[in-house]
Amino acid sequence: MTGSRPKSSPLDALRPAAFGVDPSGERMARIRRSPHYADGVFTNPVAAQHTPSGSMLKFLPTYFRREERARRAPAGNVPVHPTTVADLATPAATGLRLTWMGHSTVLAEIDGRRVLFDPVWSERCSPFAFAGPRRLHPVPVPLSEAGDVDAVVISHDHYDHLDMPTVRALARHTGAHFVVPLGIGAHLEHWGVPEDRMTELDWHESTEVGGLTLTATPARHFCGRGLRNTQHTLWASWVVAGPEHRVFHSGDTGYFPGFADIGEQYGPFDATMVQIGAYSEFWTDIHMTPEEGMRAHLDLQGDPARGVMLPIHWGTFNLAPHPWEEPVEGTVAAAARSGARVVTPRPGQPFEPAAGLPADPWWRAVAARPATPAAECPVRSRTVDGPGRAGATVRA
């Protein structure tokens, strides 16, 4: 994108490369034209009242409390599935296969094409190799053995979703096209991704890669990587549709009524990949609880019998005060109450939604405390206001 590189300053040499850069030039001009950009920042479809940056001082004492810290990590080794190159090289028999690599990273094989969502292969989700949240389990398969990728899709620019070393490796060793929300191309260019190998999209804009249609859809979150949080990069959920199959990836988001609109316009989906972890009372508006994640899935599908839900954004990094296993237990409980189908594979375990669902509660054997039976998981209620559904009650 011509004129997109920011002007340099003497401080640039001190800025870690992983911080990325702010959009400028023609890229920034396009951002300013977005209907979702106002008063110098991107805005949410439903305003978020609470974000981590505004409540971090209250959160930190809880995060470092010794008696709770142990519960936020598994007590034993997470049983990573021994995925092999041959597993990933064999075509999906049904045309759709998903492999959850941990956190929000999913390899989706759709109608003969391969899409990698939010790839993070680094040991830490941090701008620094020596500090920051560290993996709670190893990557299931080396990136070099994951095979070629047609498209890399990024939901937003937080470190647990946009990982500089992984991006650089994919740019060097695959022919993947990067499809990202507005503004994130500035980071990619800074890290060496050629301009002709990336597409930046606003909400409800689409592009085609190898016969797949990739569409950025709304999410309720925020952005930022460096010391300043300029809110000049967009966040998004994603719809990927092939000739026979279609999937949804939520990225990070709080619950909002727009999921039903996304489902009506782009669904139904053979599978949804929905964020159900790293929630907290300190940032209720920008991450979903398990019950809210299940509600989002039901909104997207319109019928609990449609498709399957793959819970994401849990199990790999310690990012919130809840117990490590609570997100998946809560999701299983919510699925039982709603009649929806949820799949809980081990990290690295490929599965085809149409060919049977992994249902082994593998996490219970390594949780730091005896797992609460799904039917007994606590349920709380709160209210989400938004267009078309003011005061809608969300059980969470």
Side-chain angles (χ1 to χ4, degrees), residues 36 43-49 98 104 106 108 117 153 155-156 181 203-204 206 214-221 235-241 245-279 283-314 327-328 330-344 353 357 377 379-396:
H36 311 110
T43 59
N44 272 302
V46 176
Q49 302 298 322
L98 303 178
S104 295
V106 181
F117 291 95
V153 174
S155 63
H156 64 296
W203 293 341
H204 299 295
S206 301
L214 296 86
T215 304
T217 45
R220 191 185 188 204
H221 201 56
W235 47 95
S237 57
W238 289 91
V239 172
V240 178
H245 298 89
R246 62 183 59 218
V247 299
F248 172 87
H249 188 285
S250 72
D252 276 4
T253 181
Y255 180 82
F256 70 108
F259 290 114
D261 298 329
I262 294 170
E264 183 176 352
Q265 186 168 354
Y266 302 106
F269 304 99
D270 297 281
T272 67
M273 297 160 269
V274 179
Q275 174 261 308
I276 51 90
Y279 47 85
W283 50 82
T284 56
D285 299 329
I286 48 85
H287 278 181
M288 292 189 291
T289 64
E291 186 72 22
E292 288 172 317
M294 179 55 65
R295 179 161 185 169
H297 167 78
L298 296 173
D299 286 354
L300 288 160
Q301 300 289 51
D303 183 337
R306 288 177 174 165
V308 300
M309 173 184 168
L310 171 63
I312 61 172
H313 205 267
W314 79 279
V328 69
T331 303
V332 169
R337 291 191 292 270
S338 67
R341 295 190 299 158
V342 63
V343 57
T344 56
L357 306 177
C377 284
V379 177
R380 303 180 298 277
S381 296
R382 64 185 182 85
T383 298
V384 171
D385 295 320
R389 195 179 297 179
T393 298
V394 178
R395 296 176 62 79

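The shown structure was predicted, so the numbers you read here are calculated from the model rather than taken from an experiment.
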Taking every heavy atom of N44 against every heavy atom of A219, the minimum-distance pair comes out as OD1-O, 3.3 Å
Nearest heavy-atom contact between V240 and F117 is CG2-CZ, 3.7 Å
Answer whether the closest heavy-atom distance between the side chains of L357 and R341 falls below 4.5 Å. yes
Nearest heavy-atom approach of V46 to R220 is O-NE, 2.9 Å
Less than 3.5 Å apart, which donor and acceptor atoms pair up between the side chains of residues 301-308 and the rest of the protein, not counting sequence neighbours?
| from | atom 1 | to | atom 2 | distance (Å) |
| --- | --- | --- | --- | --- |
| Q301 | OE1 | F269 | N | 2.8 |
| Q301 | NE2 | F269 | O | 2.7 |
| Q301 | NE2 | R306 | O | 3.2 |
| D303 | OD1 | A305 | N | 2.9 |
| R306 | NH1 | Q301 | O | 2.7 |

Nearest heavy-atom contact between A334 and P290 is CB-O, 4.5 Å
OH of Y266 to CG of D261, rounded to nearest 0.5 Å, is 10.5 Å
In this structure, CD of Q275 is separated from CE of M288 (nearest 0.5 Å) by 5.0 Å
**Request:** Using atom types as modelled and distance alone, determine if a side-chain donor or acceptor of S155 lies under 3.5 Å from a backbone N or O of S237.
**Result:** no
Heavy-atom side-chain proximity of I262 to L300 below 4.5 angstrom = yes
Donor-acceptor pair, side chain of H313 and main chain of G277, under 3.5 angstrom: yes
Those residues at least two apart in sequence (or on a different chain) that pass side chain to side chain donor-acceptor pair (under 3.5 Å) with T272 are H297
*Should the pair H221 and H156 be assigned to parallel (<30°), tilted (30 to 60°) or perpendicular (>60°) ring geometry?*
perpendicular
The ring-ring contact (aromatic ring centres under 6.0 Å, His included) partners of W314 (sequence neighbours excluded) come to W100, W324, W362
_Side chain W283, main chain A278, donor-acceptor under 3.5 Å_ = yes
Between T331 and M294 the two heavy atoms that sit nearest each other are O-CE, 4.1 Å
Output for pair (Y255 OH, E291 CD), nearest 0.5 Å, gives 11.0 Å
* Does a side-chain heavy-atom distance below 4.5 Å link V342 with P311? -> yes
*For W235, does its backbone N or O pair with a side-chain atom of W203 as donor and acceptor, under 3.5 Å?*
yes
Taken to the nearest 0.5 Å, the spacing of T215 OG1 from H204 NE2 works out to 9.5 Å
For H249 and S104, the nearest pair of non-hydrogen atoms, with its separation, is NE2-O, 3.1 Å
Q | Contact check, side chains of M309 and I276, non-hydrogen atoms, under 4.5 Å | A | yes
